[in-house]
Engineer: 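The structure's right below; bear with me while I get my questions together.
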Protein chains: 2
Amino acid sequence: MRLVNKTRYAILGVLLDAPASGYEIKSLMGRSTAYFWRESDSTIYPVLKVLAKDGKVLSEIAYVGKKKKEVFSITEAGQAEFKAWFDSPTGDETPRNEFLLKLFFAINRDEVTRLFQERLEKLKKMCEEYKKIEERLESISDSPRRAIRLKALKYGIAHLESEIRWLNEEKNQ
Amino acid sequence: MRLVNKTRYAILGVLLDAPASGYEIKSLMGRSTAYFWRESDSTIYPVLKVLAKDGKVLSEIAYVGKKKKEVFSITEAGQAEFKAWFDSPTGDETPRNEFLLKLFFAINRDEVTRLFQERLEKLKKMCEEYKKIEERLESISDSPRRAIRLKALKYGIAHLESEIRWLNEEKNQ
DNA sequence: GTCTTCATGTAAGCCGTTACATGATTAA
DNA sequence: TTAATCATGTAACGGCTTACATGAAGAC
């Protein structure tokens, strides 16, 4: 079975809301999905080209003042592809948790303490970031999807907080 | 900065305990680290070759009955490399949570319900698998690392259970 | 005038997966 | 004798990251 490029779907999903340029998609994801789905800087543009070639998006040149940009909108074929992915069962990701791997190989309490400490700090930072995104989302005007998107974020936050609690309980034993 | 192949460290970590063949490493990981660190079938052997070439492991041909196998043991250089990785800060993995991505793009309650349901079933299965591994670990004779390894597993289980609770609470709203 | 942000890419190379291959031994 | 498990790989392909590149517009 062939691996599918899920960046495609992330991009199509963003375009369902409104047409956007590559740059806009990139920064939009940075401000919203970044903490559960991040693309590296340069992937968006080539994927957009492929999507255009496949007839899943249409491109149009737009001007903002004198600035030129290439704005993409999703086609019906693109919507169909998105829906097919959305409705298909979510694949297992190969588990790769470096923190747990290290914990598994730890041999004494000092090492465990250090790993826990490091993990705690990282999780707290992530938690703050999630909450910033949450605030931003809460401040924007109500849309049909806002409630669900908030839920996705709250899910992430609840998840992080439970992990933080567990680490705090365990580290003092 | 170059991406490092973390499979190296997983293998070196296993070999810290005792020498083993590629096949043994593979099945050992299948029975222990599988739920936070899985390697695909054919990666172990080539990585072992590279490790041998780099002087991080030594190989020796052993016979079990008439069966031949290549047993690898870790060298001092290998132990040093492992320790360097172990002590270095744990890198961020690029977040790629397909479930949250889909949730983010959901537009109505039915879709959310379906996603939650699917996720719940998957988590329950994983939880059972973790618990099987836990039982196996608990049944073996005490070793200096057993307690820590149990902790790594309990961490995973606690994590899953909190996620399951959250989903159950949310899905009835 | 210089810095930030907007805006868009290319190229090299590692990494990892899937599929493909092979063959021996042992238990039922 | 047939299936499962032990045992070890190769090849092709696609995916993704990093580093490298470029340049315009607007803010200060």
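Each chain gets a letter, A, B and so on, in the order the sequences are listed, and its residues count up from 1. None of the values given here were measured: they were computed from a predicted structure.
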Engineer: Between atom NE2 of B:His159 and atom SG of B:Cys127, what is the distance when rounded to the nearest 0.5 Å?
Structural biologist: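 So the gap between those two atoms works out to 12.0 Å.
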Engineer: Rounding to a whole Å, what distance do you find between A:Ile11:CD1 and D:dG15:C1'?
Structural biologist: 14 Å
Engineer: Any side-chain N or O of A:Arg96 less than 4.0 Å from the OP1 or OP2 oxygen of C:dT17?
Structural biologist: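 Yes, within the criterion.
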Engineer: Take atom CD of A:Glu93 and atom C1' of C:dG16, then tell me their distance rounded to the nearest Å.
Structural biologist: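 Distance check: A:Glu93 CD to C:dG16 C1' gives 15 Å.
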Engineer: For A:Lys26, which contact category applies under a 4.0 Å heavy-atom criterion: base, sugar-phosphate, or nothing?
Structural biologist: base
Engineer: Give the ring-plane orientation class for B:Phe99 versus A:Tyr155, where under 30° counts as parallel, over 60° as perpendicular and anything between as tilted.
Structural biologist: perpendicular
Engineer: Heavy-atom nearest nucleotide on DNA chain D for B:Ser21 versus A:Gly65: which residue maps closer to 5'?
Structural biologist: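 The residue closer to the strand's 5' end, by nearest nucleotide, is B:Ser21.
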Engineer: Between B:Lys68 and C:dA24, is there a contact of a side-chain N or O with OP1 or OP2 at under 4.0 Å?
Structural biologist: no
Engineer: Which of the following nucleotides, D:dC6, C:dG9, D:dG9, is nearest to the side chain of B:Tyr23?
Structural biologist: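 For B:Tyr23, the side-chain atoms sit closest to D:dC6.
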Engineer: Would you kindly give the CG-to-P distance between A:Leu28 and C:dA7, to the nearest whole Å?
Structural biologist: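 Roughly 13 Å, once rounded to whole Å.
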Engineer: So what does A:Arg38 hit on the nucleic acid, given a heavy-atom distance under 4.0 Å: a base, only sugar-phosphate, or nothing?
Structural biologist: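 No contact.
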Engineer: Name the closest nucleotide to the A:Lys69 side chain, picking from D:dA7, C:dC15, C:dT8.
Structural biologist: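 So the side chain of A:Lys69 is nearest to C:dT8.
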Engineer: What's the shortest heavy-atom distance between B:Gly22 and B:Tyr45, and which atoms?
Structural biologist: CA-CE2, 3.8 Å
Engineer: What is the separation between atom OH on A:Tyr63 and atom P on D:dG26, rounded to the nearest whole Å?
Structural biologist: 14 Å
Engineer: Measure from NZ on A:Lys67 to P on C:dA7 and round the result to the nearest Å.
Structural biologist: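 Rounding to the nearest Å, NZ of A:Lys67 and P of C:dA7 are 5 Å apart.
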Engineer: Which of these nucleotides, D:dT17, C:dT25, D:dT8, is closest to any side-chain atom of B:Thr94?
Structural biologist: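 So the nucleotide nearest the side chain must be D:dT17.
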Engineer: Could you measure the distance from the NZ atom of B:Lys102 to the NZ atom of A:Lys6? Nearest 0.5 Å is fine.
Structural biologist: 8.0 Å
Engineer: Could you check whether B:Arg114 makes a cation-pi contact with B:Phe116, meaning its NZ or CZ is under 6.0 Å from the centre of the six-membered ring and within 45° of the ring axis?
Structural biologist: no
Engineer: Between atom CZ in B:Phe72 and atom C1' in D:dG9, what is the gap in whole Å?
Structural biologist: 11 Å
Engineer: Is the B:Phe82-A:Phe105 ring centre distance short of 6.0 angstrom?
Structural biologist: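 Yes, the ring of B:Phe82 comes within the 6.0 Å limit of the ring of A:Phe105, centre to centre.
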Engineer: If you look at every strand shown and take non-hydrogen atoms under 4.0 Å, does A:Ser27 touch a base, only sugar-phosphate, or nothing?
Structural biologist: nothing
Engineer: Once you round to the nearest 0.5 Å, how far does CD1 of A:Ile44 lie from OG1 of A:Thr7?
Structural biologist: 7.0 Å
Engineer: Side chains of A:Ser59 and A:Glu70: do they bring a donor and an acceptor to under 3.5 Å?
Structural biologist: yes
Engineer: Among residues 39-48 of chain A, which contact DNA chain D at a heavy-atom distance under 4.0 Å?
Structural biologist: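 Close to the strand are A:Ser40, A:Ser42, A:Thr43.
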Engineer: Does OP1 or OP2 of D:dC16 have a side-chain N or O of A:Asn5 closer than 4.0 Å?
Structural biologist: yes
Engineer: What is the distance, to the nearest angstrom, from the OH atom on B:Tyr9 to the C1' atom on C:dC15?
Structural biologist: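 So the two atoms are 14 Å apart, to the nearest Å.
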Engineer: Would you mind reading off the distance between B:Met29 atom CE and D:dA7 atom P, rounded to a whole angstrom?
Structural biologist: 18 Å
